[in-house]
Amino acid sequence: KQEVTQIPAALSVPEGENLVLNCSFTDSAIYNLQWFRQDPGKGLTSLLLIQSSQREQTSGRLNASLDKSSGRSTLYIAASQPGDSATYLCAVRGSGGYNKLIFGAGTRLAVHP
Amino acid sequence: EAGVTQFPSHSVIEKGQTVTLRCDPISGHDNLYWYRRVMGKEIKFLLHFVKESKQDESGMPNNRFLAERTGGTYSTLKVQPAELEDSGVYFCASSPSTDTQYFGPGTRLTVL
């Protein structure tokens with residue numbers, strides 16, 4: 001049974017810091033991995049999707065890497081800003097023919113000025 | 001392009017009552033998913049439609065939950081009768097293929 005763990009559960013940093021959020025999964029047989037952002041009371045916004053054959057994806061100040069064999073992904077946020085404050089969720093889709101996403105509990109990020 | 005929409009945004013009902021949640025996917029998306037987050041837990045998958053057919057309903061907790069997607073457009077999720085443990089946020093997502101899933105804002109359900 002696939003399990004997804006995110007570390008740390010919460011993070012508070014001053015503006016301008018570079019951050020690394022971690023995601024690990026127990027079953028390396030994944031189809032893809034998706035990083036989301038959730039603002040309080042809002043839905044999930046897709047940030048990056050990495051296919052199982054890829055090693056990383058980049059979008060602006062965000063970079064996500066994937067090491068499928070070790071069951072790990074990291075989300076790197078460069079030069080953090082207060083507007084980056086949100087909960088970041090990692091989700092994996094298994095390779096068994098089903099599309100369902102298995103989510104981690106998230107990392108709650110606060111970036112203060 | 002309009003995103004995934006869900007109605008209502010909030011619902012407060014008493015135990016034993018019936019509630020119906022609605023999801024309108026992004027136009028043209030054949031795949032529609034329901035997920036939920038109960039208090040303090042991770043977001044959990046409920047079921048997946050491809051057009052009007054249920055592709056995977058392995059996450060449906062019990063037979064008090066009924067999902068439909070008549071005509072392959074919008075979907076409804078009915079809870080009947082609602083129990084206290086059904087409280088949480090119900091998310092709908094859609095996708096054109098097997099890749100990126102686009103999520104709606106969620107419906108917050110409170111069962112008293």
Side-chain angles (χ1 to χ4, degrees), chain A residues 1-7 9-10 21 23-27 29-54 57 59 62 64 66 73 86-108, chain B residues 1-10 21 23-26 29-51 53-60 67 88-110:
Chain A
K1 179 187 171 187
Q2 178 74 271
E3 292 183 0
V4 180
T5 303
Q6 292 188 246
I7 293 173
L21 307 183
C23 172
S24 62
F25 45 95
T26 55
D27 185 347
I30 65 169
Y31 186 85
N32 60 41
L33 183 146
Q34 201 165 348
W35 282 93
F36 294 89
R37 166 188 173 135
Q38 185 178 24
D39 293 281
K42 301 290 182 65
L44 280 65
T45 300
S46 180
L47 298 174
L48 291 164
L49 181 143
I50 310 177
Q51 302 290 356
S52 62
S53 58
Q54 297 175 321
Q57 282 285 337
S59 176
L62 304 179
L66 174 65
S73 177
T87 296
Y88 290 81
L89 297 159
C90 165
V92 300
R93 185 202 149 193
S95 59
Y98 294 102
N99 290 9
K100 64 182 177 185
L101 296 177
I102 309 297
F103 281 85
T107 293
R108 192 168 59 255
Chain B
E1 177 183 277
V4 177
T5 57
Q6 294 187 242
F7 183 83
S9 57
H10 293 87
L21 314 180
C23 168
D24 286 78
I26 294 171
H29 285 193
D30 287 341
N31 296 275
L32 186 148
Y33 312 84
W34 284 98
Y35 294 83
R36 75 172 180 177
R37 186 206 303 253
V38 296
M39 189 63 69
K41 300 287 184 68
E42 295 89 349
I43 296 173
K44 298 280 192 185
F45 167 82
L46 295 177
L47 88 159
H48 168 211
F49 284 100
V50 177
K51 297 185 180 179
S53 299
K54 292 176 184 174
Q55 179 78 5
D56 179 3
E57 50 186 331
S58 62
M60 294 289 265
V89 181
Y90 289 76
F91 292 102
C92 175
S94 71
S95 70
S97 63
T98 56
D99 292 337
T100 303
Q101 295 186 19
Y102 299 90
F103 280 71
T107 293
R108 181 173 297 278
L109 174 64
T110 301

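In what follows, every chain begins at residue 1, and chains take the letters A, B, ... in the order their sequences are listed.
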Approximate separation, where rounding is to 0.5 Å, of A:Lys100 NZ and B:Leu47 CG: 11.0 Å
Engaged part of B:Ser58 at the chain A interface, taking heavy atoms whose separation is under 4.5 Å: side chain
A:Leu44 and B:Ile43, any side-chain heavy atoms less than 4.5 Å apart: yes
Best-contacting candidate, A:Gly43, A:Ser46, A:Gly106, A:Gly41, against chain B by heavy atom pairs under 4.5 angstrom: A:Gly43
Heavy-atom closest contact (A:Leu89 atom, B:Arg37 atom, distance): CD1-NH2, 4.1 Å
Pairing residues for A:Ala91 by the side chain to side chain contact (heavy atoms under 4.5 Å, CB included) criterion, not counting sequence neighbours: A:Phe36, A:Leu101, A:Phe103
Greater than 12 external heavy atoms within 6.0 Å of B:Lys54's NZ: yes
Qualifying side-chain hydrogen bond (donor to acceptor under 3.5 Å, both in side chains) pairs with a residue from residues 39-49 of chain B, counting only residues at least two apart or across chains: B:Asn31-B:His48
Spacing of CZ belonging to B:Phe103 relative to CD belonging to A:Gln34, to within rounding of 0.5 Å: 7.0 Å
Interface moiety of B:Arg108 toward chain A, non-hydrogen atoms closer than 4.5 Å: neither
Proximal component of B:Phe91, with respect to chain A [non-hydrogen, under 4.5 Å]: side chain
From OH (B:Tyr35) to CD1 (A:Ile102), nearest 0.5 Å: 8.0 Å
From CG (A:Leu48) to OG1 (B:Thr100), nearest 0.5 Å: 9.5 Å
